[in-house]
Asker: 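Starting off with a structure, shown below.
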Amino acid sequence: MGRIKLTVAYDGTNYHGWQLQPGRATIEGELNKALSHLTGKQVCVTGASRTDAGVHALGNVAVFDTVSRIPAEKFSYALNQRLPADIVVQCSEKVPEDFHPRYCECQKIYEYTILNRKFPLPQYRNTAYFYYGKLDINHMRNACKAFIGEHDFAGFCSAGAQVQSTVRTIYSLEILEEKIQEANMVNTGRIITIRVKGNGFLYNMVRIIAGTLLEAGKGRINPDDMEEIIASCDRSRAGATAPARGLKLVQILY
């Protein structure tokens, strides 16, 4: 018996999230189906991050146990021939049998993408949140400072989360800006990326952080009040949960 680790990228637009759901298309379900077909045995993967419906990933992680003689590094090639085009295994490798993608110490990196211009662009319709109004990047960056470090993020968690603790550590939170410049484009604009790295995230935490930073950019939240908002643990004081389509899991570092 060997344990194989998969690094998986996917466009989550057409899926009801990662986690297996009867009668619904999910990332986990597609992986299970492809692996079971490949090995001839019933296979169930264990994922590192149970991303929500519409959320994307560049490097989510899953493991499975197998007695197959297929070399670990060859699973990626074989699976990519059987998976839908919007799910691609980037790497497959053998790991110790006690490796667990959720319980091993790690750092997760997420990005939230905002298309900020007068009109939407079709190529971003599934991968970015469109906002046409003015956003003050400096206000958003100033608001980021309060999040760094270990805090109780109960106010940045959606109802229904089943966790023992709402304390998490954020190592970095930054706002990146890229101008959109194309020949003959009438309406220019910019891509704003919120990039966050932490030791773990609560249910919808990154999307609520994004929604809160958007409120700071709109001038509706004073960046100087952010420490108090976090400390209050009051969900009503943070911003709205930003739409899923702008979120992607970039990388998990073990």
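These numbers were taken from a predicted model, which means no experiment stands behind them. Only this structure's heavy atoms are used, side chains among them; waters, hydrogens and symmetry mates stay out. We number each residue from 1, following the sequence as shown.
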Asker: Honestly curious: do Y15 and V61 fall in one hydrophobic cluster under the side-chain, below-4.5 Å linking rule?
Answerer: no
Asker: Where do Y131 and K218 land on the side-chain contact (heavy atoms from CB on, under 4.5 Å) test, with the steps shown first?
Answerer: CA-CA 10 Å; Y131 182 73; K218 296 172 188 177; 3.5 Å; yes
Asker: Assess the side chains of R235 and T241: does a donor N or O sit below 3.5 Å from an acceptor N or O?
Answerer: yes
Asker: Once you round to the nearest 0.5 Å, how far does CD1 of I175 lie from CZ of R195?
Answerer: 12.5 Å
Asker: Nearest heavy-atom pair of T26 and Q19: which atoms, and what distance?
Answerer: CG2-O, 3.0 Å
Asker: Short question: side chain of E93, backbone of K5 - any donor-acceptor pair under 3.5 Å?
Answerer: no
Asker: For the pair H37 (side chain) and N32 (backbone), establish whether a donor and an acceptor sit closer than 3.5 Å, ignoring hydrogens and angles.
Answerer: no
Asker: Provide the closest heavy-atom pair for S68 versus T39 in the form atom of the first, atom of the second, distance.
Answerer: CB-CG2, 4.3 Å
Asker: Looking at Q90 and A9, what are the two nearest heavy atoms and their distance?
Answerer: NE2-CB, 3.7 Å
Asker: Would you check if the side chain of R3 reaches a backbone N or O of E97 as a donor-acceptor pair within less than 3.5 Å?
Answerer: yes
Asker: Do Y132 and F119 have ring centroids that are under 6.0 Å from one another?
Answerer: no
Asker: Look only at the side chain of S92 and the backbone of S76, and say whether a donor-acceptor pair between them is shorter than 3.5 Å.
Answerer: yes
Asker: So how far is it from I170 CD1 to H151 NE2, rounded to the nearest 0.5 Å?
Answerer: 7.0 Å
Asker: If Ile, Leu, Val, Met, Phe, Trp and Tyr residues are connected whenever their side-chain heavy atoms lie under 4.5 Å apart, and connections chain through other members, are I191 and L173 in the same group?
Answerer: no
Asker: Please name the pair of heavy atoms, one in N60 and one in A48, separated by the smallest distance, quoted to 0.1 Å.
Answerer: OD1-CB, 3.8 Å
Asker: In Å, rounded to the nearest 0.5 Å, how long is the span from OG1 of T113 to CG of L176?
Answerer: 9.5 Å
Asker: Using a distance-only test with no angle check, is there a side-chain donor-acceptor pair under 3.5 angstrom linking T166 and D152?
Answerer: yes
Asker: Taking the side chain from R220 and the backbone from G217, do they hold a donor-acceptor pair closer than 3.5 Å?
Answerer: no
Asker: If we ignore hydrogens and angles and just use 3.5 Å, is the side chain of R102 paired with the main-chain N or O of G47 as donor and acceptor?
Answerer: yes
Asker: Check whether Y112 reaches the backbone of V196 with its side chain - one donor and one acceptor, N or O, closer than 3.5 Å.
Answerer: no
Asker: Between the side chains of Y10 and T51, does any donor sit under 3.5 Å from an acceptor?
Answerer: yes
Asker: Out of curiosity, does L135 fall in the hydrophobic cluster containing M226 (side-chain heavy atoms, cut-off under 4.5 Å, transitive links)?
Answerer: yes
Asker: Would you give the length of the straight line joining atom CG of D11 to atom NZ of K248, rounded to the nearest 0.5 angstrom?
Answerer: 11.0 Å
Asker: About how many Å separate SG of C104 and CD1 of I252, when rounded to the nearest 0.5 Å?
Answerer: 11.5 Å
Asker: Decide if the gap between the ring center of Y171 and the ring center of F147 is smaller than 6.0 angstrom.
Answerer: no
Asker: Are any side-chain N or O atoms of N116 and backbone N or O atoms of G133, one a donor and one an acceptor, separated by less than 3.5 Å?
Answerer: yes
Asker: What do the steps show when you test R190 against I137 for side-chain contact (heavy atoms from CB on, under 4.5 Å), and what is the final call?
Answerer: CA-CA 11 Å; R190 58 185 175 172; I137 290 289; 3.2 Å; yes
Asker: Looking at I180 and T188, what are the two nearest heavy atoms and their distance?
Answerer: O-CB, 3.8 Å
Asker: Do S36 side-chain atoms and K33 backbone N/O form a donor-acceptor pair below 3.5 Å?
Answerer: no
Asker: For N204 and R207, test the side chains for any donor-to-acceptor distance below 3.5 angstrom and give the result as yes or no.
Answerer: yes
Asker: Quick check against the 3.5 Å criterion: does R125 have a side-chain atom that pairs as donor or acceptor with the backbone of P122?
Answerer: yes
Asker: Any heavy-atom pair between the side chains of F130 and P243 that's under 4.5 Å?
Answerer: no
Asker: Would you say that T13 contacts H56 through its side chain, given a criterion of any heavy-atom pair below 4.5 Å between the two side chains?
Answerer: yes
Asker: How far apart are the C-alpha atoms of I109 and L253, what are their side-chain angles, what is the distance that settles it, and do they pass the side-chain contact (heavy atoms from CB on, under 4.5 Å) test?
Answerer: CA-CA 8 Å; I109 302 172; L253 304 169; 4.1 Å; yes
Asker: Could you tell me if the ring centre of F201 sits under 6.0 Å from that of F156?
Answerer: no
Asker: Looking at I208 and C157, what are the two nearest heavy atoms and their distance?
Answerer: CD1-N, 3.7 Å
Asker: Thinking salt bridges, do K94 and E73 make one under a 4.0 Å N-O criterion?
Answerer: no
Asker: How long is the straight-line distance from CG of D52 back to CG of L247, given to the nearest 0.5 Å?
Answerer: 8.5 Å
